[in-house]
Protein chains: 2
Amino acid sequence: MNLRQIAYAVAVAEEASFTRAAERCHTVQSALSHQIARLEEELGAPLFERTSRRVRLTPAGHAFLPAARQLLHSEQRIRDEVAAATGQIRGALSVGLISALTVLDTVDLLAEFHGMHPQVDVRFASGMSEHLLVNVREHRCDVAFVGLWPGEIIEGLNTLLLADEALVAVLPPGHPLASSSEVCLRDLAVQRCVDYRAGSGARRQTDEAYAAAGLTRHVHFEVDHASLMERVIRRGLAIGMVPAETAAGMQGLAIVPVRDAPRRRVYCVWAYHPTPAAAAFVELVLARSQALPQPLAYPAMATP
Amino acid sequence: MNLRQIAYAVAVAEEASFTRAAERCHTVQSALSHQIARLEEELGAPLFERTSRRVRLTPAGHAFLPAARQLLHSEQRIRDEVAAATGQIRGALSVGLISALTVLDTVDLLAEFHGMHPQVDVRFASGMSEHLLVNVREHRCDVAFVGLWPGEIIEGLNTLLLADEALVAVLPPGHPLASSSEVCLRDLAVQRCVDYRAGSGARRQTDEAYAAAGLTRHVHFEVDHASLMERVIRRGLAIGMVPAETAAGMQGLAIVPVRDAPRRRVYCVWAYHPTPAAAAFVELVLARSQALPQPLAYPAMATP
DNA sequence: CGGATCAATCACATTTTGCGATGCAATGAA
DNA sequence: TTCATTGCATCGCAAAATGTGATTGATCCG
């Protein structure tokens, strides 16, 4: 077995062609073909089914592929780790974002990060908190910014609490409640509401608050980004709730404190043993976020 | 870079000697020395500090080592996966065990497993539940049998509930409560108690039950194995609580049901993407354990 | 001081890999 | 059916990488 053979085989699997794989690997088809044959011989099973005109993976090939990719990943990791040991941060950094993220400007943050470490390739991936957590756990993502409802435990990951803010109600200018000095959830539950998509962490946090108050409400409009929520409210279609800091940026809308407001928590999470690039990025996040007091390891145990 | 170079470098790091590493790799010292030099050249940093008489890792070498081991692990994984695709289960299987495990005989189970797949090398590791869970998460263990207290969530791992039994009190023959038809925790809390070590999952489960009943008790004897607990009780030093099935095997001791008995849960846990050997072992566990109804994904949400 | 130990270096043999040309099988259009 | 095309396997040869054994040079220890 051989690093080159592995790379060749993965290329063939991805290109579904020996010829194109050879081009991608900057070699000739005969050399690649030979190496694949040697690899198959050593492993004791053919990896590819060569029907003329088409190359397909055999069952053995399907079993081979994930482990092979992991091996190539390890190779890159070796280079990046050794480079980091001599002060050169490089490699790839995959950052997951929830769409409701407003507590810090990640693009600004990544601009600063890119200035410090221009050799790092950055990839964004947006999605819902649960999905991002799975991605981080399975190392498809290095770092993610997620929202979680109170009491949730994030096990097996590093976490940093970035924000724990009370939400405020955001109303269209002419709304009957717009001039109130304070409202409570009971007032809001009977209104037409806009909130984040069901299943998202942000949505769960508000749902949880209504449920705890014994209230049911109906969400007429579901959005996946704060700017969409703002437009829905501005148009007078519904009322919403956002963190106070976010609301401050919404010009021309009525902002009213909520007595029994739910809190919006945002965490930065990353896996154990981060890559050098991920570690450097987390360090920057740490430096740029005022350090909030972190919750206990097992908040569920703290309040029996 | 090269698989052989990586293997050579890891061998040097582990043997702290080029000569011994060469022997271990079935080659001569000069060849190995040359390959290490080439590897260091490609990586742009020396991995080893050659003081005469001693070889030590440089900072770059320390950064290199974990990623290199992971790469070699991937190589083995490729072989094992391809072999599994052709029906040959082999490789290594690391099983973690809590000492309080009595619901199934893991040695019997592994004997049967070894009969089915003799090419798999099995390694045992005993410890406390929390520690085993970390080991499984970080892939130092493939499968673990752990005890958890009610309400705990195991996130990011596959789980199978193996046992959920009520505990019964076990008393020395002449004990005042030995002839009772039933006792409650209040009766037991004032007795001298033997239980598992503080910090273990089994211990937490009983501690939690006493706390929930508003009782405090003092554990005079801490043990790390059921057989030790039995001997302490037999000697008349203390009373204990064990699952009913376990108690059935304790001849000559008084077994008394407990009205508000805590339950002892035992889970089998394993990481996502198990190795072929781990997957085969879990399959056997599944077949040999009567399938209990599994708890919800988020039991904390189910009882708000 | 002198033997022992250990890694680096060198010349040379062997193996592996790459390259270009060719062969062979299958497909699809005339 | 025939023929051009596509795509992978095979082969001979050149180049590169790797292994071997002997030697060197430095350091440690008695």
**Q** Sub-3.5 Å donor-acceptor pair from the side chain of A/T58 to the main-chain atoms of A/L47, do we have one?
**A**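 Yes: the side chain of A/T58 pairs with the backbone of A/L47.
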**Q** Remember a base hit wins even if backbone is also touched, and classify B/S17 as base, sugar-phosphate or nothing at under 4.0 Å, heavy atoms.
**A**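 The answer is sugar-phosphate, as B/S17 gets under 4.0 Å only of primed atoms, P, OP1 or OP2.
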**Q** Separation of B/E23 atom CD from C/dA7 atom C1', in whole Å?
**A**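 From B/E23 CD to C/dA7 C1': 14 Å.
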**Q** To the nearest Å, how far apart are A/R4 CZ and D/dA15 P?
**A**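 Taking atom P of D/dA15 as the reference, CZ of A/R4 is at 17 Å.
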**Q** Within this structure, what is the CZ-to-P distance between B/R50 and D/dC28, rounded to whole angstrom?
**A**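 After rounding, the reported distance stands at 16 Å.
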**Q** What is the distance, to the nearest angstrom, from the CZ atom on A/R56 to the P atom on D/dG7?
**A**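 For the pair A/R56 CZ and D/dG7 P, the rounded distance is 16 Å.
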**Q** Could you list by number each residue of residues 28-45 of chain B showing a heavy-atom separation from DNA chain C of less than 4.0 Å, or answer none if no residue does?
**A**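 Going residue by residue through residues 28-45 of chain B, the ones with a heavy atom under 4.0 Å of DNA chain C turn out to be B/Q29, B/S30, B/S33.
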**Q** Salt bridge check: are A/E222 and A/R203 linked by an N-O gap of less than 4.0 Å?
**A**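 Looking at A/E222 and A/R203, the cut-off is met.
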**Q** Could you tell me the separation between the CG atom of B/L47 and the P atom of C/dA8, rounded to a whole number of Å?
**A**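 Those two atoms, CG and P, are 12 Å apart.
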**Q** Going by the side-chain contact (heavy atoms from CB on, under 4.5 Å) test, name the single residue among B/L3, B/D80, B/I6 that passes it with B/E75.
**A**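 Checked B/L3, B/D80, B/I6 against B/E75; only one passes side-chain contact (heavy atoms from CB on, under 4.5 Å): B/L3.
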**Q** Do the side chain of B/R90 and the main chain of B/Q119 share a donor and acceptor less than 3.5 angstrom apart?
**A**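 Side chain of B/R90 to backbone of B/Q119: no pair is present.
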**Q** Measure CG/A/L3 against C1'/C/dT16 and give the value in whole Å, please.
**A**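 Nearest whole value for this atom pair: 15 Å.
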**Q** State which of C/dA8, D/dC8, C/dT17 makes the closest approach to the side chain of A/Q5.
**A**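 Per side-chain heavy atoms of A/Q5, the pick is C/dT17.
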**Q** Between C/dA4 atom P and B/R54 atom CZ, what is the distance in whole Å?
**A**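 Distance check: B/R54 CZ to C/dA4 P gives 21 Å.
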**Q** Taking atom P of C/dT17 as reference, at what distance in whole Å does atom NE2 of A/H26 sit?
**A**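 My rounded result for the distance is 19 Å.
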**Q** Is it the case that atom CZ in A/R140 sees more than 12 heavy atoms from other parts of the structure closer than 6.0 Å?
**A**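 Correct, the count exceeds 12.
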**Q** Does A/Y8 place a side-chain N or O at less than 4.0 Å from the phosphate oxygens OP1/OP2 of C/dG18?
**A**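 For A/Y8, the contact criterion (side-chain N or O under 4.0 Å from OP1 or OP2 of C/dG18) is met.
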**Q** More than 12 heavy atoms of other residues, nucleotides or ligands under 6.0 Å from CD of B/E283: yes or no?
**A**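 At most 12 heavy atoms, drawn from other residues, nucleotides or ligands, come within 6.0 Å of this atom.
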**Q** Got more than 12 heavy atoms from elsewhere within 6.0 Å of CZ, B/R79?
**A**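 It does: B/R79 CZ has more than 12 such atoms within range.
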